[in-house]
Amino acid sequence: TMQSNNLLELAGAISSGAVRVVDLTFTLSPDFPVIVLPPEFGQAAPVRIQEISRYDGRGPAWYWNNVTFGEHTGTHFDAPIHWFTGKNLPNNAVDTMPAKDMIAPACVIDCSAQAAQDPDFLLTVPLVEAWEAKHGRIPERNWVLLRTDWSKKGWRDYSNLRDDGAHTPGPNPDVMKWLVEERGVIGFGTETIGTDAGQAGHFEPPYPAHHFLHGAGRYGLQCLCNLDQLPATGAVIVASPLKIQNGSGSPLRVIALVSST
Ligand SMILES: O=C(O)C(=O)c1ccccc1S
Ligand SMILES: [Mn+2]
């Protein structure tokens, strides 16, 4: 049928390279920095990869590990249940979210110049409107990915922790409310630790990306990389979190399909 031909054409285009598959994921390792919350709160467990056997007496023909990690570690996905504003929504966990939400187009907003000047740079509605004047209105059910080139920093600058918390770029409250309510985005993605800015705990409402996205049943992606390899529009994101029972999120492989033509 027509549909199956389109799907087979896509598979052929991926095989031939006419459609590039761009990996937007950091390697999940014990060295990767994880979010540090104020000391009075529970903290993410460190990533641990413990070898069970490696073709030796513990397992002569096989290599495998036990892996421990927090749901919000490395390049990872946030489900609506992660935030109190999404706690009562239907199908709000990674194991109950609709599979169709795992594939959607993306708009990439390049703020790398601004973020290079100011680690506390905030995306605003006027900046997105200026982007739309150039690239067209953000369609419904798209990811909006904030390119800051933060993923190119060394670990210390990547976390950019000071005594008053992290200083990393992100969205202001107005733009998050606007993206969700006026543009119907499926989610918001960042290169930094967290979809929110490092100082977002002081915003109103606190952590506005989490607040508005998950309150509307939408999703977050964070610690992305290689956003500089994506076009402003036209990429399709595949983001399928682990099917953790009642999970609030999970590390995952995020890939983007990009037409080479
Ligand atoms: O979703 C996250 O990884 C994240 O940024 C976060 C996690 C837990 C608590 C607060 C925040 S703000
Ligand atoms: Mn998260």
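Indexing begins at 1, ligand by ligand and atom by atom, following the structure's order. These numbers come from a predicted model, not from an experiment.
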Specify whether an N/O/S atom of H82 falls short of 2.8 Å from the Mn ion (ligand 2). no
Quick check on the Mn ion (ligand 2): does E71 put an N/O/S atom closer than 2.8 Å to it? no
Please state whether D196 comes within less than 4.0 angstrom of ligand 1, counting heavy atoms only. no
Numbered in order shown, the ligand 1 atoms found under 4.0 Å of a heavy atom of H82 are 1 (O), 2 (C), 6 (C), 7 (C), 8 (C)
I'd like to know whether the aromatic ring centres of W178 and F212 sit less than 6.0 Å apart in this structure. no
Is a side-chain donor-acceptor pair under 3.5 Å present for T27 with S29? no
Atom indices of ligand 1, in the order listed, that fall short of 4.0 Å to a heavy atom of Y207: 12 (S)
So the atoms of ligand 1 within less than 4.0 Å of a heavy atom of G194 turn out to be 5 (O)
Check R141 with D101, please: is the shortest side-chain N to carboxylate O separation under 4.0 Å? yes
Of all the atoms in ligand 1, which lie at a distance below 4.0 Å from a heavy atom belonging to L37? 9 (C), 10 (C)
Decide whether N160 and H167 meet the rule of one side-chain donor and one side-chain acceptor closer than 3.5 Å. no
Within the stated cut-off of 2.8 Å, is an N/O/S atom of H210 closer than that to the Mn ion (ligand 2)? no
If the Mn ion (ligand 2) is the vertex, what is the angle to ND1 of H72 and NE2 of H76, rounded to 10 degrees? 90°
Looking at ligand 1, does any of its N/O atoms fall within less than 3.5 Å of an N/O of H76? yes
Rounded to the nearest 0.5 Å, how far apart are OG1 of T192 and CG of L146? 7.0 Å
K152 bridged to E191 by N-O distance under 4.0 Å: no
Is it the side chain, the backbone, both or neither of W83 that has a heavy atom closer than 4.0 Å to ligand 1? side chain
Indicate whether any N or O donor in one side chain lies under 3.5 Å from an N or O acceptor in the other, for Q222 and D78. yes
How far apart are the C-alpha atoms of E132 and R183, what are their side-chain angles, what is the distance that settles it, and do they pass the salt bridge (charged side-chain N to carboxylate O under 4.0 Å, His left out) test? CA-CA 11 Å; E132 289 190 325; R183 292 293 182 269; 2.7 Å; yes
Just need the protein heavy atom nearest to atom 2 (C) of ligand 1, so name the residue and atom and give the distance. Q222 OE1, 3.3 Å
Angle at the Mn ion (ligand 2) between OE1 of Q222 and OD1 of D78, to 10°? 100°
Between the side chains of H72 and H76, does any donor sit under 3.5 Å from an acceptor? yes
Heavy-atom pairs closer than 4.0 Å: do any link ligand 1 to the side chain of I35, the backbone, both, or neither? side chain
Need the ligand 1 atom indices (1-based, order shown) with element for anything under 4.0 Å from a heavy-atom of H72. 1 (O), 2 (C), 3 (O)
Under a 4.0 Å threshold between the charged nitrogen and the carboxylate oxygen, would D110 count as salt-bridged to R147? yes
